[in-house]
Amino acid sequence: MRVEAIELHRVGMPLVRPFETSFARETEREVLLVRVRGDDGAGWGECVAGNDPLYSSEYVDGCARVIERYLAPSLLAAHDVGGETVAELLRPIVGHRMAKAALEAAVLDAELREADTSFGEYLGAVADWVDCGVSVGISPDLDTLLDEVAGYLDDGYLRIKLKIKPGWDIAPIAAVRELIGPDMMLQVDANASYTVADIDHLRRLDAFGLLLIEQPFVEEDIATHVLLARAIETPLCLDESIVNAEIALDAIERGAASVINIKPGRVGGYLEAVRLHDICAELEVPVWCGGMLETGVGRAANVALAALPGFTLPGDTSASDRYYAEDLTEPFVLGTGVHAGQLPVPTGPGTGVTVREELVREWATTPVVVLR
Ligand SMILES: O=C(O)CCC(=O)N[C@@H](C(=O)O)c1ccccc1
């Protein structure tokens, strides 16, 4: 399609409860949505960058700027843009994967709506429902943590993920394992907050029957993940380190990870995410779909991705009300009965959801930027 305009929308989304990780405590997300208008339709993409560059080097203001100054002009200058050509068109600009992923998702959404094809069909979904886990932030105390986890058990989530950091690990894990029982899936995410000096301490996590330990060390430090993997029984999973399929291959072959968290924004888009999925499937490495507190725009595409065959572990594809009292699309609500703890894969064209544009306008934090 010929891209005629690219709109940048900034939306303030208060969280239903503070979300604390080892690197930040968030109470509101400023969401950057991208809308691409072309000669044969329009589509939306969600940029997953946080308010500040604390998870990775990208952040909302930086993404808006790089789209405005570099990425949008590349797409606007091209005579024909398709979901499968966006990455190539944007390759001369180094990095900025989350910004690029938002644009690619918006072009894909427009293209697939026009073709009356769903994201799931296009990406290769093999399921109509996906198993859902839930991510639990660092709490002020154990009672607050256990109350929150008990609520998620009532909601029917199939897997609990606890944020941990030095000084908040053994006690919360032990308390939650006690609450949920020995069989429920439980994993932890350190968001790169430990160092090689913590390897002996981290070996204590083997006592809790965890599904995996996610990203204990910093993004670039594959070697220390290899050391820990050799010292501990619990499988290691990487998130921040895995910025594309090649890095995943290297990390897996070096023994740094035996599970991979796939986040389309972190790897530059849904098409790279599928490449990463395919490589992990070849190597029989289980993957799961990570989350970045997406609104229904990104959540819809993530649920479609999570329906691919290699996604054998519940992802951070929670219901909309895990983070937002009101979503920017129709809400994602966990199933019940045989679908307890699952979300339905959208079947409509494109992402299959409708952006509530009146809310995007009402909750706008800045005037929309229209690039032509
Ligand atoms: O359920 C969700 O969408 C969030 C899942 C989650 O814990 N995301 C973490 C992460 O490190 O994976 C995160 C939170 C905030 C910002 C970046 C990353």
Side-chain angles (χ1 to χ4, degrees), residues 13 15-32 46-60 62-63 97-98 101 130-139 145 148-149 151-152 155 157-165 168 172 186-194 211-219 237-243 257 259-267 273 287-303 305-306 313-324 327-328 331-332 334 341 343:
M13 299 282 290
L15 301 181
V16 293
R17 68 180 61 82
F19 185 66
E20 185 172 339
T21 63
S22 61
F23 57 79
R25 183 175 186 276
E26 290 188 84
T27 56
E28 168 163 317
R29 242 198 96 203
E30 190 182 4
V31 184
L32 171 61
E46 179 169 351
C47 180
V48 298
N51 304 349
D52 305 303
L54 300 175
Y55 164 80
S56 75
S57 59
E58 294 191 77
Y59 62 108
V60 177
C63 287
R97 293 179 186 87
M98 293 175 181
V130 298
D131 288 350
C132 299
V134 64
S135 179
V136 184
I138 291 169
S139 288
L145 173 70
E148 186 178 346
V149 172
Y152 298 142
D155 292 340
Y157 284 104
L158 301 172
R159 179 269 283 145
I160 299 290
K161 164 169 136 178
L162 294 181
K163 291 294 180 181
I164 61 169
K165 66 178 182 183
W168 178 267
L186 175 63
Q187 66 192 56
V188 296
D189 183 1
N191 286 112
S193 56
Y194 292 88
L211 206 54
L212 56 90
I213 298 174
E214 187 181 356
Q215 198 75 43
F217 311 117
V218 293
E219 173 188 336
C237 172
L238 289 177
D239 170 2
E240 287 90 332
S241 294
I242 308 301
V243 295
V259 184
I260 298 292
N261 166 338
I262 295 185
K263 292 178 177 175
R266 185 193 71 219
V267 300
V287 301
W288 54 282
C289 186
M292 297 290 283
L293 285 73
E294 287 91 345
T295 70
V297 179
R299 197 162 297 275
N302 284 354
V303 171
L305 178 70
L313 295 172
D316 284 344
T317 48
S318 309
S320 295
D321 67 3
R322 162 65 184 86
Y323 295 104
Y324 305 114
D327 206 337
L328 293 183
F332 281 83
L334 286 182
L343 282 179

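Counting convention: from 1, in listed order, for ligands and their atoms alike. Keep in mind that what you see is a predicted model, and the values were worked out from it rather than measured.
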>> At under 4.0 Å between heavy atoms, is it the side chain or the backbone of Gln215 that contacts ligand 1, or both, or neither?
In response: neither

>> Heavy atom to atom 5 (C) of ligand 1, shortest distance: which of Thr21, Val136, Asp316 holds it?
In response: Asp316

> What residue and atom, counting heavy atoms only, is the protein's closest point to atom 8 (N) of ligand 1, and at what distance?
Replying inline: Gly291 O, 3.0 Å

> At under 4.0 Å between heavy atoms, which part of Asp239 makes contact with ligand 1: side chain, backbone, both or neither?
Replying inline: side chain

>> Within this structure, what is the CG-CH2 distance for the pair Leu313 and Trp288, rounded to the nearest 0.5 Å?
In response: 8.5 Å

>> Check this for me - ligand 1, Lys263, N or O atoms closer than 3.5 angstrom, yes or no?
In response: yes

>> Looking only at distances, can you tell me whether any N or O atom of Glu240, backbone or side chain, sits closer than 3.5 Å to an N or O atom of ligand 1?
In response: no

> Which of parallel (below 30°), tilted (30 to 60°) and perpendicular (above 60°) describes Tyr55 and Phe23?
Replying inline: tilted

>> Please list the nearest protein heavy atom to atom 14 (C) of ligand 1 with its residue and the distance rounded to 0.1 Å.
In response: Phe19 CE2, 3.5 Å

> Closest non-hydrogen protein atom to atom 16 (C) of ligand 1, residue and atom name please, with distance?
Replying inline: Phe23 CZ, 3.8 Å

>> How far is atom 4 (C) of ligand 1 from the closest protein heavy atom, and which atom is that?
In response: Tyr323 OH, 3.2 Å

>> Quick check on contacts: which atoms of ligand 1 are under 4.0 angstrom from a heavy atom of Lys161?
In response: 6 (C), 7 (O), 12 (O)

> Is any side-chain heavy atom of Lys163 closer than 4.5 Å to a side-chain heavy atom of Glu20?
Replying inline: no

>> So if I count the atoms of ligand 1 from 1 in the order they appear, which ones are less than 4.0 Å from some heavy atom of Asp189?
In response: 10 (C), 11 (O), 12 (O)

> Is there a donor-acceptor pair under 3.5 Å between the side chain of Arg299 and the backbone N or O of Ser318?
Replying inline: yes

> To the nearest 0.5 Å, what is the distance between CD1 (Ile164) and OG (Ser22)?
Replying inline: 9.0 Å

>> side chain to side chain contact (heavy atoms under 4.5 Å, CB included), that's the test. Do Ser139 and Glu148 meet it? Break it down for me.
In response: CA-CA 9 Å; Ser139 288; Glu148 186 178 346; 4.2 Å; yes

> Is any side-chain heavy atom of Ser56 closer than 4.5 Å to a side-chain heavy atom of Met98?
Replying inline: yes

>> Within this structure, what is the CD-CG distance for the pair Glu30 and Asp52, rounded to the nearest 0.5 Å?
In response: 10.0 Å

>> Within this structure, what is the CZ-OG1 distance for the pair Arg17 and Thr27, rounded to the nearest 0.5 Å?
In response: 13.5 Å

>> Between Glu219 and Arg266 (salt bridge meaning N to carboxylate O under 4.0 Å), is one present in this structure?
In response: no

> Where is the nearest protein heavy atom to atom 3 (O) of ligand 1: which residue, which atom, and how far?
Replying inline: Leu293 N, 2.8 Å

>> Counting non-hydrogen protein atoms only, what is the nearest one to atom 7 (O) of ligand 1? Give residue, atom name and distance.
In response: Ser135 OG, 2.7 Å

> Please state which protein non-hydrogen atom is closest to atom 9 (C) of ligand 1 and give its distance, to 0.1 Å?
Replying inline: Lys163 NZ, 3.2 Å

> Do any heavy atoms of Glu26 fall under 4.0 Å from ligand 1?
Replying inline: yes

> Nearest to atom 11 (O) of ligand 1, what protein heavy atom do you find, and at what distance?
Replying inline: Asn191 ND2, 2.7 Å

